[in-house]
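Below you'll find the structure, written out as C-alpha cells, and then a few comments.
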Amino acid sequence: MVAENVDLLNRDPNNLNDQIQVMFDDVIGEPEGAHSIDCVFKLAYTCYNLCKALAYKITTCLAGCPLAIFWGCLFAGIAFCHIWLCTPTFKVLALNCSLCRKCCTMYYDCVYGPLCETYALCFSRIRVVNASE
C-alpha cells in the first residue's frame, strides 16, 4: 500500500460516517422569531468552524497515527485468527460433526424408526366420531 493512491478529496468513499453531522447548520439553527444580531450569528459561524477545524486537526495530529497503528494491528490480528485458527477449527468440527451426525442418524433409524412405525399403525386404527346431541 502506497500513500500516493489515497483519495484526498473523497475520504469516506464507503459512507462509513454519514451519521456524523457536524456542520454549523446541522448543530445550530435559529427558528423564526428567535434570531440573534446578524454580526453575532456570522461571528458564531466563523468561531464554530475555526474551532472545530483546529480542534479536529490537533486531535488527529496527536492521536491519528497511534490509533491507525492500533486499528491496523487489531484488524491484522483478527484476520490472522480467522485465517489460521477459526476457519481450520470449524473445518475440523464440521468433519467430526458429520461423523457424529451419521452415527446418530443410524441409531435413530434403528431404534426410533420401528417404534414410530408401530405407534403409527396402532394409532391409524383409531376412529373419531362426532356425535350430535
Side-chain angles (χ1 to χ4, degrees):
M1 290 277 138
V2 179
E4 294 171 1
N5 297 333
V6 175
D7 185 2
L8 294 177
L9 296 176
N10 184 10
R11 296 186 184 194
D12 190 9
N14 296 325
N15 300 320
L16 297 174
N17 294 305
D18 278 347
Q19 76 280 3
I20 299 175
Q21 302 293 324
V22 294
M23 299 302 292
F24 182 80
D25 296 340
D26 297 324
V27 177
I28 302 204
E30 293 182 328
E32 194 65 39
H35 288 187
S36 61
I37 301 170
D38 290 346
C39 66
V40 170
F41 194 74
K42 288 179 183 179
L43 184 60
Y45 176 84
T46 303
C47 289
Y48 176 86
N49 286 317
L50 288 175
C51 289
K52 178 183 63 106
L54 183 63
Y56 185 76
K57 286 184 172 110
I58 289 172
T59 306
T60 55
C61 283
L62 294 176
C65 289
L67 284 172
I69 292 169
F70 169 76
W71 289 117
C73 291
L74 180 68
F75 283 112
I78 290 171
F80 173 81
C81 287
H82 277 265
I83 292 167
W84 293 100
L85 298 173
C86 296
T87 303
T89 300
F90 285 127
K91 187 65 174 178
V92 168
L93 288 173
L95 289 171
N96 288 331
C97 287
S98 66
L99 176 64
C100 182
R101 183 178 54 208
K102 285 181 184 178
C103 292
C104 288
T105 303
M106 285 190 317
Y107 173 78
Y108 292 143
D109 286 345
C110 292
V111 174
Y112 292 112
L115 189 62
C116 288
E117 284 182 34
T118 303
Y119 282 135
L121 285 174
C122 291
F123 289 130
S124 68
R125 296 179 188 203
I126 295 176
R127 301 276 184 239
V128 177
V129 179
N130 290 332
S132 304
E133 291 183 41

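In this structure the side chain of Cys104 reaches within 4.5 angstrom of the side chain of Tyr108, judged on heavy atoms. Trp84 has its side chain out of reach of Thr89: every pair of non-hydrogen atoms, C-beta onward, lies at least 4.5 Å apart. Between Ile58 and Leu62 there is a side-chain heavy-atom pair separated by less than 4.5 Å.
Shown here is Gln19, whose CD atom has more than 12 heavy atoms of other residues, nucleotides or ligands within 6.0 Å. The environment of CZ in Phe41 is crowded: more than 12 heavy-atom neighbours from other residues, nucleotides or ligands sit within 6.0 Å. More than 12 non-hydrogen atoms from other residues, nucleotides or ligands lie less than 6.0 angstrom from CG of Asp109. Taking a 6.0 Å sphere around CG of Leu115, one finds it holds more than 12 heavy atoms contributed by other residues, nucleotides or ligands.
In this structure, CG on Asp26 lies 11.5 Å from CD1 on Ile20, to the nearest 0.5 angstrom. The CZ atom of Arg101 sits 13.0 Å away from atom CE of Met106, with the distance rounded to the nearest 0.5 Å. To the nearest 0.5 Å, atom OH of residue Tyr48 and atom CG of residue Asp25 are 9.5 Å apart. The SG atom of Cys47 sits 9.5 Å away from the CZ atom of Phe24 when rounded to the nearest 0.5 Å. Annotation: the span from Ser36 atom OG to Leu43 atom CG amounts to 10.0 Å, rounded to 0.5 Å. Here the SG-CZ distance, from Cys65 to Phe70, works out to 15.5 Å after rounding to the nearest 0.5 Å.
Hydrophobic clustering (side-chain heavy atoms under 4.5 Å, transitive across Ile, Leu, Val, Met, Phe, Trp, Tyr) keeps Phe90 apart from Phe80. Hydrophobic clustering (side-chain heavy atoms under 4.5 Å, transitive across Ile, Leu, Val, Met, Phe, Trp, Tyr) groups Tyr112 together with Phe123. The hydrophobic clustering, which links ILVMFWY residues whose side-chain heavy atoms are closer than 4.5 Å, places Val111 and Tyr119 together. In the hydrophobic clustering of this structure, Ile83 does not group with Val92; members are Ile, Leu, Val, Met, Phe, Trp, Tyr whose side-chain heavy atoms approach within less than 4.5 Å, directly or through other members. Leu50 and Tyr56 sit in two unconnected hydrophobic clusters of ILVMFWY residues. Membership requires side-chain heavy atoms under 4.5 Å apart, directly or through other members.
The two residues His82 and Pro88 have their closest heavy-atom pair at O-CD, 4.3 Å. The two residues Lys52 and Met23 make their nearest non-hydrogen contact at NZ-SD, 4.2 Å. Shown here for Asn17 and Asp12, the closest heavy-atom pair between the two residues is N-OD2, 3.0 Å.
Asn14 places no side-chain N or O within 3.5 Å of a backbone atom of Leu16 that could act as its donor or acceptor partner. For Thr46 (side chain) and Lys42 (main-chain N/O), a donor-acceptor pair under 3.5 Å exists by modelled atom type. Under a 3.5 Å cut-off, the side chain of Arg11 and the backbone N or O of Leu8 do form a donor-acceptor pair. Using modelled atom types, no side-chain atom of Gln21 and backbone atom of Val27 make a donor-acceptor pair closer than 3.5 Å.
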